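Index from 1, following the sequence. The basis for the numbers below is simple: all heavy atoms, side chains too, and nothing from hydrogens, waters or symmetry mates. No experiment lies behind these values; they were computed from the predicted model shown.
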Amino acid sequence: MDYFLVSLAVIFVLLGIAGCLLPVLPGPPLSFLSLLLLQFTRWGDFDPDFLILWAVIAGLVTAMDYVLPVWVTRKTGGTKAGVWGALLGLLAGIFLFPPIGIILGPFLGAMAGELIHGAEGNRALRAGLGSFLGFLLGTGLKLISSLVMSWYFFKELVG
């Protein structure tokens with residue numbers, strides 16, 4: 001049973017890292033599941049506080065990934081039109097032009113949303129760049145947290 005759980009946990013480690021770049025998969029929660037699965041094997045000996053901490057981090061980072069693009073778009077002068085445009089651009093990018101659409105979709109969508117609602121070019125560009133920056137921040141936080149959890153996973157497994 002241990003080998004099955006470890007094999008499943010390794011799959012979750014890989015899916016967790018992939019999920020940081022693919023919005024269809026929840027990266028940090030999958031990475032956390034790998035730690036949790038390892039805990040139920042003879043190789044896992046994580047402190048309960050450690051697991052609780054990483055559960056909280058995985059949840060917060062995942063939530064921040066949804067909030068950061070909107071927040072940064074707003075902070076860079078975007079309106080609701082830009083925020084909605086970024087969201088629609090992300091969805092269009094995911095389904096129509098993966099993987100580059102995941103990056104360019106929110107940027108172009110935020111710009112389009114602002115331009116459609118009468119914003120001047122500079123303001124629309126700032127909103128688009130804000131959306132892109134928020135996307136990069138969210139992705140970066142997810143990737144860092146998943147990589148750190150992966151490191152703890154392999155350290156515990158091998159060590």
Side-chain angles (χ1 to χ4, degrees), residues 8-38 46 49-156:
L8 190 60
V10 168
I11 291 170
F12 279 127
V13 164
L14 297 174
L15 287 174
I17 293 170
C20 296
L21 305 173
L22 303 170
V24 178
L25 298 172
L30 291 174
S31 294
F32 174 73
L33 278 176
S34 70
L35 295 177
L36 205 54
L37 286 172
L38 186 63
F46 295 115
D49 290 339
F50 173 86
L51 291 172
I52 291 169
L53 173 68
W54 279 103
V56 170
I57 290 171
L60 285 174
V61 167
T62 302
M64 286 178 67
D65 185 48
Y66 294 106
V67 173
L68 275 174
V70 173
W71 184 76
V72 176
T73 300
R74 287 263 188 199
K75 288 294 181 186
T76 55
T79 63
K80 282 186 181 181
V83 171
W84 277 104
L87 177 62
L88 293 174
L90 174 65
L91 293 174
I94 289 171
F95 296 111
L96 299 177
F97 307 105
I100 194 72
I102 296 168
I103 297 168
L104 290 179
F107 171 74
L108 296 173
M111 281 186 59
E114 293 294 340
L115 289 171
I116 288 170
H117 279 81
E120 58 188 50
N122 268 349
R123 183 174 175 189
L125 180 61
R126 272 196 319 265
L129 289 173
S131 172
F132 181 68
L133 180 61
F135 168 78
L136 288 179
L137 284 171
T139 301
L141 287 173
K142 288 190 312 183
L143 191 56
I144 289 167
S145 66
S146 286
L147 288 173
V148 170
M149 283 187 270
S150 300
W151 183 79
Y152 279 117
F153 174 86
F154 287 110
K155 178 183 171 208
E156 190 72 16

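- More than 12 heavy atoms of other residues, nucleotides or ligands shown are found within 6.0 angstrom of CZ on Phe50.
- Annotation: side chain of Phe135 is not in contact with side chain of Val72 (no heavy-atom distance under 4.5 Å).
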Validation: residues 54-71 side-chain donor-acceptor distances under 3.5 Å, sequence neighbours left out:
{"unit_1": "Thr62", "atom_1": "OG1", "unit_2": "Ala58", "atom_2": "O", "d": "2.7"}
{"unit_1": "Asp65", "atom_1": "OD2", "unit_2": "Lys142", "atom_2": "NZ", "d": "3.1"}

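- Among residue pairs with one or both ends in residues 87-101, none qualify as side-chain hydrogen bond (donor to acceptor under 3.5 Å, both in side chains); sequence neighbours excluded.
- Looking at residues two or more places apart in sequence or on another chain, you find no side-chain hydrogen bond (donor to acceptor under 3.5 Å, both in side chains) involving Ser34.
- Considering only residues two or more places apart in sequence or on other chains, Leu147 meets the side-chain contact (heavy atoms from CB on, under 4.5 Å) condition with Ile17, Leu143.
- Under the side-chain contact (heavy atoms from CB on, under 4.5 Å) criterion, Leu51 pairs with Phe32, Leu35, Leu36, Gln39, Phe46, not counting sequence neighbours.
- Taken from CG in Leu22 to OG1 in Thr139, the straight-line distance is 10.0 Å, to the nearest 0.5 Å.
- Taking Ser31 as the reference, Ser146 meet the side-chain hydrogen bond (donor to acceptor under 3.5 Å, both in side chains) condition, with sequence neighbours excluded.
- With sequence neighbours excluded, the residues that form a side-chain hydrogen bond (donor to acceptor under 3.5 Å, both in side chains) with Thr79 are Glu114.
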Please output the side-chain donor-acceptor pairs of residues 102-112 that fall under 3.5 Å, not counting sequence neighbours, one pair per line with the distance.
none

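- A donor-acceptor pair is defined here as one N or O able to donate and one able to accept, closer than 3.5 Å; such a pair exists between the side chain of Arg123 and the backbone of Gly77.
- Once rounded to the nearest 0.5 Å, the distance linking CD1 of Ile11 with CG of Leu30 reads 11.5 Å.
- Pairs passing the side-chain hydrogen bond (donor to acceptor under 3.5 Å, both in side chains) check and including a residue from residues 103-112, sequence neighbours excluded, do not occur.
- In terms of heavy-atom proximity, His117 sits nearest to Ala81 at ND1-CB, 3.4 Å.
- What you find for Ala127 and Thr73 is that their closest heavy atoms are O-CG2, 3.9 Å.
- Taken from CZ in Phe154 to CG in Leu38, the straight-line distance is 9.5 Å, to the nearest 0.5 Å.
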Using the rule given for side-chain contact (heavy atoms from CB on, under 4.5 Å), can you reason through Leu87 versus Val83, listing the C-alpha separation, both sets of side-chain angles and the distance that settles it, and then say yes or no?
CA-CA 6 Å; Leu87 177 62; Val83 171; 5.8 Å; no

